[in-house]
There are 2 protein chains.
Amino acid sequence: MAKINEVAAAAGVSIGTVSKFINKTKRFSPDVERRIAEAIERLGYESNPLARSMATGQTGAVGVVIQDILNPYFTAMVKGVNRIAQRNDFVVLIVDADENRKGERPALTKLSRRVDGLILNTSMPDDDLRWTASLGKPVVAVGSAPRDGLLTLHSDPVRAGEMLGQHLLMEKYQRFAYISLPNARGDDERRAGAEQVLARAGLPLRTFSVPRATVADGERVCASVMLSAEPPDAVICYNDMIAAGFIKEAERLGISIPHDVAVCGFDNLELGKLTSPTLTSIDTETERAGEVAMTTLLDALAGKSPDPHTMLEARLVVRESTVRPRDARRR
Amino acid sequence: MAKINEVAAAAGVSIGTVSKFINKTKRFSPDVERRIAEAIERLGYESNPLARSMATGQTGAVGVVIQDILNPYFTAMVKGVNRIAQRNDFVVLIVDADENRKGERPALTKLSRRVDGLILNTSMPDDDLRWTASLGKPVVAVGSAPRDGLLTLHSDPVRAGEMLGQHLLMEKYQRFAYISLPNARGDDERRAGAEQVLARAGLPLRTFSVPRATVADGERVCASVMLSAEPPDAVICYNDMIAAGFIKEAERLGISIPHDVAVCGFDNLELGKLTSPTLTSIDTETERAGEVAMTTLLDALAGKSPDPHTMLEARLVVRESTVRPRDARRR
DNA sequence: CTGAAAGCGCTAACAT
DNA sequence: ATGTTAGCGCTTTCAG
């Protein structure tokens, strides 16, 4: 691979001139420019990004940390990030937190040395999150409440929980359960939102929990929730993965949705359109969130001081899993 | 952030000594080692990976190019790659080919400068694929037939098509259709495999096609396939995304699966367990493929010359979408 | 067993 | 308008 000095030699100019030409940081006489361009072309020269980073202190890379790449919620965000990144000639470095052996901090420290900024979408203890500000690079925390020193981007999870609760009340459900993913980001808030709305109607919310946000865990929890003395007639799941598993297992158990029980989740994943019945959920425009996160980061890197805290509006997406046919509801 | 010279100064040794100590490339007297360790600890020193790369020519990064990060097939592979990468202190750089504006070659050239090796899982013209060998870095092509100059990893797509065809024949289906994704990797082979098996039974295979491998496209094609003069009673889709969409739309159209038509796909995505009926598919152990790809790459980087061409066994996973209840089949 | 110094390829401030 | 040169932070050969 040709180096800048070879190009300079071939074009009969100095190495500095080539550098300036490449970075468009200075113009030269048409003759010189032509010679350089021609040399670059002929040698197939491409500037070495590492050497460039070394000299400029900028990497042209961003780090994205997500909880689990198998969860479409996270990949949707990555899609958005990727789109904006590639458009701006940035490269994205991805870390799957679930696969990370050695705690968050060491991993983040290592990662941060290789990138200009970070986008975080994980359930990370509050302490760790706050600590990231000390990395000396801009970080966008997706799904986190506003916080000094960080750029954040989120949609109100309490509000989302309320929407689901309110919707279920309007559909005349009576006995509510919440499937929690303890310690996950937004878990408490989603639950609290639903709980508040139900409490206002004088109705309690029972909580169950699963260890991971997977379809398999949703399946596993279904029987223990539904085959009990007083099963709920409406269950709100921490996310759509769990909800989808729950629905599938209910089908196997001969439990009819939404006739026997309503089921809903959060994130509005595409798989919610594939289940039978289709899944009611909360849409948070995840892909767009990724775009916004990356745009915000780029602005910060460009010294534009963007809005530090962006709030995205959540939307209730009602599908079959929570809506009883008219006559059934009347009983 | 502390630099190596500060550590050296603090420990009262030379900068070279610190470097050797860090890289365990040489041992020193207990006293010196203690002093260095202590200085590193106290200053919170971490070696700058960029400078290190500059000096060694190694980046500790791999590039992964996938077709579409929204397709779980690709993310499953990335999961596997990520696992092995993180275990070996490698970082992964991801590129979504669908979001890539400027052709494959420029994008790959740029990417390759930042990494030690590449893992490719895209549908790329054969020419381009062959060309990647000239990048001067090891590349693992997942899902590609063996090819000189490249490391490859794939499971026989013709065989996979055969399995599905044979299975459908055994279930006594008669009128077959294939939903193709033209130019996609393995499309021709999957189709050919099925076609051969059916031809042996004297049965033809009609081909339809979709522009993208998405659920939405599967939904869209369903009506035009099924609401025609002589609709098929068994359809093989290029992948599970298309198949899942097809199934969902069939449900809406009042077409019963597998009673009216059998549907199957490739990749054995998790969403195939969520549809109703559940989806018959071909499992290619995608996540493991990612692990193997990364392991192979690491071996190549370590100069171990691994098996250049690995073949993974595909497996037929029969679910509800292709199996008629006994009595229905007897008619 | 430890130190000095020459690079890795490029940028940017300073000369000319 | 173009050239010179001192770094960027680290590794590694070669001396001592």
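Chain naming here is simple, since letters A, B, ... match the order of the sequence lines and numbering starts at 1 in each.
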Determine: side-chain N/O of [X] to OP1/OP2 of [N], distance under 4.0 Å, yes or no.
X       : N     : value
B:Asn5  : D:dG9 : no
A:Asn48 : C:dC8 : no
A:Ser29 : D:dT2 : yes

**OP:** First locate atom CG of B:Leu108, then atom CG of B:Leu120, and finally report the distance between them rounded to the nearest 0.5 Å.
**Re:**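 B:Leu108 CG to B:Leu120 CG: 5.5 Å, rounded to 0.5 Å.
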
**OP:** Nearest 0.5 Å please: distance from the CG atom of A:Asn88 over to the CZ atom of A:Phe90.
**Re:**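 That separation rounds to 7.5 Å.
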
Regarding [X], tell me which of base, sugar-phosphate or nothing describes its non-hydrogen contacts under 4.0 Å with the strands shown.
X       : value
A:Phe21 : nothing
A:Thr56 : sugar-phosphate
A:Ser47 : sugar-phosphate

In whole Å, what is the span from the [atom1] atom of [X] to the [atom2] atom of [N]?
X       : N      : atom1 : atom2 : answer
A:Glu33 : D:dT2  : CD    : P     : 8 Å
B:Lys26 : D:dC10 : NZ    : P     : 19 Å
B:Leu50 : C:dG9  : CG    : C1'   : 12 Å
B:Glu46 : D:dC10 : CD    : P     : 11 Å
B:Asn23 : D:dC10 : CG    : C1'   : 9 Å
A:Glu6  : C:dC8  : CD    : P     : 11 Å
B:Gln58 : D:dT11 : CD    : C1'   : 12 Å
A:Ile4  : D:dG3  : CD1   : P     : 12 Å

**OP:** Return the minimal non-hydrogen interatomic distance between A:Thr122 and A:Ala97, and the atom names on each side.
**Re:**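 Heavy atoms only, the tightest pair is CG2-CB, 3.9 Å.
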
Original post:
Considering heavy-atom distances to DNA chain C, does A:Gly16 or B:Ile15 have its closest nucleotide positioned more toward the 5' end?
Top reply: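 First, find each residue's nearest nucleotide; the 5'-ward one identifies B:Ile15.
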
Subject >> B:Phe28 vs A:Ser19, nearer the 5' end of DNA chain C by closest nucleotide >> reply: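 Going by which nucleotide is closer to the 5' end, it is B:Phe28.
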
Which nucleotide wins on minimum distance to the side chain of [X], given the candidates [options]?
X       : options               : result
B:Val13 : C:dG3, D:dT11, D:dT4  : C:dG3
B:Met54 : C:dC10, C:dC8, D:dT2  : C:dC8
A:Ala55 : D:dT13, D:dC10, D:dC8 : D:dC8
B:Arg52 : C:dT2, C:dT11, D:dT11 : D:dT11
A:Lys20 : C:dT2, C:dG3, C:dA13  : C:dA13

Subject >> Upstream residue (5' side of DNA chain D) when A:Thr17 and B:Ile22 are each assigned their closest nucleotide >> reply: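 Result of the comparison: A:Thr17.
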
Original post:
Any side-chain heavy atom of A:Arg147 within less than 4.5 Å of one from A:Leu129?
Top reply: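 A side-chain contact exists here, since the closest heavy-atom pair is under 4.5 Å.
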
Original post:
Looking only at atom types and distance, does a side-chain atom of B:Arg35 sit under 3.5 Å from a main-chain N or O of B:Ala11, one as donor and one as acceptor?
Top reply: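 A pair under 3.5 Å: yes.
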
Original post:
Is it true that a side-chain atom of B:Glu33 and a backbone atom of B:Phe28 form a donor plus acceptor pair closer than 3.5 Å?
Top reply: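 Indeed, once roles are kept as given, a pair shorter than 3.5 Å links the two residues.
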
